[in-house]
**Student:** 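I have a structure I would like to understand better, so I am pasting it below and will then ask my questions one at a time.
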Amino acid sequence: MGGEKITVRPAVLADVGSLVRMRKSNAKAHLVLDPQVYRIPETEAVVRHFSAVLTEDTTRHAVLVAEVAGRLVGMVEVVRNPDPPDHQILRPEPSAQIHTVVTDEARNQGIGSALLEAAEDWAAAQGIGYLSAGIHHRNADAVRFYGRHGYADSGRLLGRRVTA
C-alpha cells in the first residue's frame with residue numbers, strides 16, 4: 001500500500017459497511033485502554049448512526065473517508081457542538097469534535113494527516129473555528145498524532161462518578 005495515491009472524499013451510503021467495521025475495530029482498541037469508559041457498540045446502532053448522518057444536513061456534521069487503490073482505509077467524523085445556552089458565561093464559538101480512524105494496515109502512510117487536513121478544511125468552510133479531539137490519556141499514538149498537527153491541551157476536564 002505504500003506510495004499509492006490517497007483520495008479523501010465525503011462518505012456516501014455505500015460506505016456504511018466499511019464505516020461500521022472501522023468504528024467497531026476502533027472500539028475494540030479503545031476497550032483495551034479502559035473497559036470502564038469504552039464499549040463496543042451494537043452493529044445496528046452504528047449502521048443507523050452513519051446512515052442518518054450521511055442523509056441529513058451535510059453542513060451540520062461530516063464523515064470523510066480515505067481511499068487507497070479503491071479500498072477505504074480511514075475515516076474522520078466531525079461532530080458539531082451545540083452553542084452554550086445564553087445564560088452561561090462561555091462565549092458562543094462554532095466548534096466541533098473530531099474523531100479520526102485509520103485501519104491498522106494503513107497506519108504511518110500519511111492517511112490520518114490527509115483526513116485531518118480535509119476535516120479542518122470542511123470545518124473552516126462551515127464556519128467552525130475550533131476543533132477538539134477527546135483522547136484517552138493512555139492513547140499515546142493519538143496524543144502524538146494530534147500533537148504533531150497542532151492540537152494541544154486546552155484545559156482540563158475533571159469528573160467524578162456519583163451513585164444514587
Side-chain angles (χ1 to χ4, degrees), residues 1 6 8 10-56 58 60-68 71-84 90 94-120 122-123 128 130-164:
M1 198 181 307
I6 302 166
V8 177
V12 295
L13 284 174
D15 298 326
V16 169
S18 294
L19 295 170
V20 170
R21 282 189 292 283
M22 283 188 267
R23 169 69 44 92
K24 292 194 73 151
S25 175
N26 192 43
K28 289 176 187 171
H30 280 76
L31 194 61
V32 173
L33 293 172
D34 193 338
Q36 298 297 318
V37 173
Y38 298 105
R39 66 186 171 131
I40 299 173
E42 293 295 324
T43 299
E44 297 78 22
V46 182
V47 168
R48 273 193 315 274
H49 166 72
F50 284 120
S51 296
V53 168
L54 297 178
T55 56
E56 64 185 31
T58 56
R60 181 99 189 112
H61 306 299
V63 179
L64 307 172
V65 293
E67 224 172 16
V68 173
R71 205 165 133 253
L72 293 190
V73 293
M75 62 167 276
V76 62
E77 187 171 12
V78 183
V79 181
R80 190 184 294 260
N81 295 322
D83 282 338
L90 290 172
S95 65
Q97 296 175 32
I98 189 165
H99 310 280
T100 309
V101 179
V102 175
T103 61
D104 289 340
E105 69 275 4
R107 294 202 174 186
N108 300 311
Q109 297 178 37
I111 292 162
S113 297
L115 284 164
L116 194 57
E117 180 180 341
E120 290 171 353
W122 179 89
I128 295 171
Y130 183 81
L131 292 175
S132 63
I135 303 168
H136 193 282
H137 63 94
R138 291 188 195 127
N139 195 345
D141 289 342
V143 170
R144 269 192 306 278
F145 169 74
Y146 283 105
R148 278 195 320 267
H149 293 282
Y151 289 70
D153 288 339
S154 61
R156 194 171 289 257
L157 178 62
L158 301 177
R160 178 177 181 208
R161 296 205 185 280
V162 296
T163 57

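Predicted model only: the values in this text are computed from it and were never measured.
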**Student:** What closest approach, in Å, do Val78 and Ala96 show between heavy atoms, and which atom pair accounts for it?
**Tutor:**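 Closest heavy-atom pair between Val78 and Ala96: CG1-CB, 3.6 Å.
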**Student:** How long is the gap from CD on Gln36 to CG on Leu31, to the nearest 0.5 Å?
**Tutor:**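 That separation rounds to 10.0 Å.
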**Student:** Go through the side-chain N and O atoms of Arg21 and Ser18 and say whether any donor and acceptor fall under 3.5 Å apart.
**Tutor:**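 Yes, because at least one side-chain N or O of Arg21 sits under 3.5 Å from a partner of the opposite role on Ser18.
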**Student:** Just how far is it from atom CZ of Arg48 to atom OG1 of Thr43, taken to the nearest 0.5 Å?
**Tutor:**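 Taking CZ in Arg48 and OG1 in Thr43, the distance rounds to 10.5 Å.
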**Student:** Quick check: closest heavy atoms across Ala11 and Leu19, and the distance to 0.1 Å?
**Tutor:** CB-CD1, 4.1 Å
**Student:** In a check of side chain to side chain contact (heavy atoms under 4.5 Å, CB included) between Met75 and each of Ile111, Val101, Asn26, Thr100, which one passes?
**Tutor:** Val101
**Student:** Checking Tyr38 now: which residues fulfil ring pair (Phe, Tyr, Trp, His ring centres under 6.0 Å) with it, not counting sequence neighbours?
**Tutor:** His30, His136
**Student:** If I compare all heavy atoms of Val46 with all of Pro41, which pair ends up nearest, and what's the gap?
**Tutor:** CG2-CG, 3.6 Å
**Student:** How far apart are the closest heavy atoms of Val76 and Leu115, and which atoms are they?
**Tutor:**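 Taking every non-hydrogen atom into account, CG1-O, 3.7 Å.
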**Student:** Applying salt bridge (Lys or Arg N to Asp or Glu O under 4.0 Å), can you list everything that pairs with Arg144, at least two apart in sequence or on another chain?
**Tutor:** Asp141
**Student:** Rounded to the nearest 0.5 Å, how far does CD1 of Ile98 lie from CG of Leu116?
**Tutor:** 4.5 Å
**Student:** List the residues meeting salt bridge (Lys or Arg N to Asp or Glu O under 4.0 Å) with Glu67, not counting sequence neighbours, and say none if there are none.
**Tutor:**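 Listed in chain order: Arg9.
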**Student:** Got a donor-acceptor contact below 3.5 angstrom from the Arg80 side chain to the Pro94 backbone?
**Tutor:**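 No; judged by distance alone, with no hydrogens or angles, the pair does not exist.
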**Student:** As a quick check of understanding, evaluate side chain to side chain contact (heavy atoms under 4.5 Å, CB included) for Ile135 and Phe145, giving each step before the final call.
**Tutor:** CA-CA 11 Å; Ile135 303 168; Phe145 169 74; over 6 Å; no
**Student:** Nearest 0.5 Å, please: how far is CD in Glu77 from NE2 in His49?
**Tutor:** 3.5 Å
**Student:** Should we count CD of Glu56 as having more than 12 external heavy atoms under 6.0 Å?
**Tutor:** yes
**Student:** Taking Val73's backbone N and O only, do any of them form a donor-acceptor pair with Thr103's side chain (distance below 3.5 Å, no angle check)?
**Tutor:**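 Present.
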**Student:** In Å, rounded to the nearest 0.5 Å, how long is the span from NE2 of His149 to CG of Leu131?
**Tutor:**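 Between His149 NE2 and Leu131 CG, I get 13.0 Å after rounding to 0.5 Å.
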